[in-house]
Amino acid sequence: MRNLTMMTDLYQLTMMNGYFLQGKAKQTSVFDLFFRQKNTMNCVVFAGLDQAIEYIDGLHFSGEDIEYLRSLGIFHPDFLKYLKDFRFTGDMYSVREGDVVYPQEPIVIIKAPLIEAQLIETALLNIISHQTLIATKSARIVQAARGKSVVEFGLRRAQGPDAGIYGARASIIGGCNGTSNVLTGQMFNIPVKGTHSHSWVMSYDSELEAFRAFAEVYPDTCLLLVDTYDTVRGIKNAITVFNELKAAGHKPIGIRLDSGDLAYLSKLARKMLDEAGFPDTVVMASGDIDEYLLESLNNQNAAIDLYGVGTKLITSEDMPSLGGVYKLSAIERNGEFEPRMKISDSIVKVTNPGFKTLYRIYDKKSGMAFADLIALEDESLNKPLTLTHETERWKTTTLDDYDVRKMLYKIFENGKNIYERPSLEQIVEFANAERAKFWDEYKRIDNPHIYKVNLSDKLYELKQTILKNNRRHK
């Protein structure tokens, strides 16, 4: 396990030094991690908790770390001495990996001494924002594939090794069936997939010779890339080799298209393969594929059975950052928590105060997700339950018969990990089950129906009181 304690911004450490010198190091605080709506992603698939747990579990400063900080000349000697025994001693709450979550919802809550909660901001945002982004992009692509298998092929284009490794893991949470990334497969027991590249074909004197050589080495898993030179000729050469495999008692897998008009070429390939007596072979497509191209291919009835999706998935090319936020929401004073709230001229940057929790409300009859409710931790839900829109207060819904799930689980208690970490297989099973509980209208790629996310009356009133007091003291 790597020690990522020093993977932080300098200002976190300078604030920690200040808290220490001002006697605020042990003051208990509450921080919320959430994301703001950005571009077309109105909801996300949460991922990254597993690595976040490992990070917090391993928090400590080595002697080498402390000597480096000493060399910067900005930290008090007593603070550096304090860091020698630094460990996380607080509580952490989180939604489960694979959960669908919405803007402004607290998806991770840290309740810890201020100095500890401050340090972990940068790493938590880095880990969770990235993996959540890739899990979400994957879910959108898998949804657009309409039941066709999707394999993550993006390692070569990922922004560094960790982005490739953990991005591939996140893609599995989002719904991909496998990855080309061998290390990710080894680390997380994920199916690894792959065929050959254009260089295999180009290393031989002819395409047909290259295909025959590949079939000789892999007679029972032969899937041939047919567009190195001329795609139609490549399909014909593949059929020639498939006939030879068939005559030898082997069953070819299929072909892969990596360029050109995938709709036209896939339909042509399917026709040629069927007429040659290979109706069970697959047509795989790879290249610069995303959810929008998949929607177009589906509308054109492309004859593609399997997709390998690389660059646009692993980089989330159209939205390369999530916009995760980590804000102080409460701080202990004289044995009680005082709410804190970021106020801004921009409404999207106004935060929700207090120590909170998150509920998902399900329609009792259909079992489908109906709304989410952000509430203060000490609140309980009653029947009937009335939900009121935060800004358009005339919009209300009253529910008499509903099921509810408290979405935030305690992960750390007094610095000890108490959460039984599920396997990736269990996470995927949960993620698929939860996404199935949202109506298709909420999951549209473009212009999805707006899902209800409400504040409890008590939280709404607290927020309004703080806003009014702020105006009064200007």
Side-chain angles (χ1 to χ4, degrees), residues 30 32-35 37 42-47 49 91-111 132 139 173 329-330 337 339 351-393 395-411 413 418-420 422 426-443 448-463:
V30 178
D32 298 344
L33 191 154
F34 57 95
F35 78 99
Q37 177 134 2
N42 69 309
C43 65
V44 299
V45 177
F46 178 74
L49 175 60
D91 299 342
M92 175 184 178
Y93 303 80
S94 176
V95 301
R96 293 174 62 178
E97 285 198 279
D99 241 328
V100 176
V101 289
Y102 285 82
Q104 308 300 326
E105 295 184 340
I107 52 182
V108 173
I109 292 178
I110 300 296
K111 179 186 174 187
T132 297
I173 295 173
S329 61
F337 279 108
T351 62
N352 293 314
F355 184 21
K356 298 176 291 296
T357 192
L358 178 65
Y359 295 99
R360 177 149 293 156
I361 314 298
Y362 298 89
D363 177 70
K364 187 89 170 180
K365 185 178 293 185
S366 67
M368 302 297 278
F370 180 81
D372 288 0
L373 183 68
I374 308 171
L376 295 172
E377 173 61 29
D378 58 0
E379 289 187 77
S380 58
L381 303 187
N382 301 311
K383 294 184 179 181
L385 175 66
T386 298
L387 303 174
T388 306
H389 193 284
E390 181 181 356
T391 56
E392 300 167 12
R393 301 297 289 171
K395 293 183 179 179
T396 62
T397 303
T398 299
L399 302 172
D400 291 302
D401 200 17
Y402 63 87
D403 289 323
V404 63
R405 175 167 68 94
K406 196 170 184 178
M407 296 179 66
L408 289 162
Y409 295 76
K410 183 174 271 191
I411 311 299
E413 184 173 56
I418 62 170
Y419 181 65
E420 187 174 341
Q426 291 171 320
I427 292 169
V428 170
E429 184 179 354
F430 168 76
N432 291 338
E434 281 306 303
R435 284 201 292 276
K437 293 176 183 176
F438 285 81
W439 296 108
D440 289 343
E441 291 83 354
Y442 294 125
K443 296 185 287 188
H449 189 59
I450 298 173
Y451 181 76
K452 297 178 181 66
V453 177
N454 299 99
L455 305 185
S456 69
D457 289 342
K458 190 173 179 180
L459 176 56
Y460 173 81
E461 289 163 5
L462 173 62
K463 190 171 183 177

Distance-only donor-acceptor pairs under 3.5 Å for side chains of residues 374-382, two or more places apart:
from, atom 1, to, atom 2, distance (Å)
Glu377, OE2, Lys406, NZ, 3.3
Glu379, OE1, Ser456, OG, 3.2
Glu379, OE2, Leu376, N, 2.8
Glu379, OE2, Ser456, OG, 2.6

| message | Could you report the tightest heavy-atom contact between Phe438 and Tyr102, atom names first, then the distance? | response | CE2-OH, 3.5 Å
| query | Would Tyr402 and Phe370 count as a close aromatic pair, with their ring centres under 6.0 Å? | reply | no
| request: Look only at the side chain of Ser329 and the backbone of Gly354, and say whether a donor-acceptor pair between them is shorter than 3.5 Å. | output: yes
| Has Lys365 got more than 12 heavy atoms of other residues, nucleotides or ligands less than 6.0 Å from its NZ? | no
| query | What is the minimum heavy-atom distance between Ser94 and Val108, and which atoms define it? | reply | OG-CG2, 3.8 Å
| query | What is the minimum heavy-atom distance between Lys364 and Asp403, and which atoms define it? | reply | NZ-OD1, 3.0 Å
| query | Where the side chain of Thr132 meets the backbone of Ala47, is there a donor-acceptor pair that is under 3.5 Å apart? | reply | yes
| field | Passing option when Arg360 is tested against Val95, Val404, Asp99 for side chain to side chain contact (heavy atoms under 4.5 Å, CB included) | value | Asp99
| Between Asp372 and Tyr451: side-chain donor-acceptor atoms closer than 3.5 Å | yes
| query | When you look at CD of Glu429, are more than 12 heavy atoms from neighbouring residues, nucleotides or ligands closer to it than 6.0 Å? | reply | no
| Atom of Val30, atom of Phe337 and distance for their closest heavy-atom approach | CG2-CE2, 3.8 Å
| field | Chi angles and distances behind the side chain to side chain donor-acceptor pair (under 3.5 Å) call for Thr386, Thr398 | value | CA-CA 4 Å; Thr386 298; Thr398 299; 3.0 Å; yes
| task | Quick one: closest heavy-atom pair of Thr351 and Phe34, and the distance? | result | CG2-CZ, 3.9 Å
| field | Closest non-hydrogen atom pair, Ile173 against Arg435 | value | O-NH1, 3.4 Å
| said: Whether Arg96 and Glu434 form a salt bridge (side-chain N of Lys/Arg under 4.0 Å from carboxylate O of Asp/Glu) is what I want to check. | reply: no
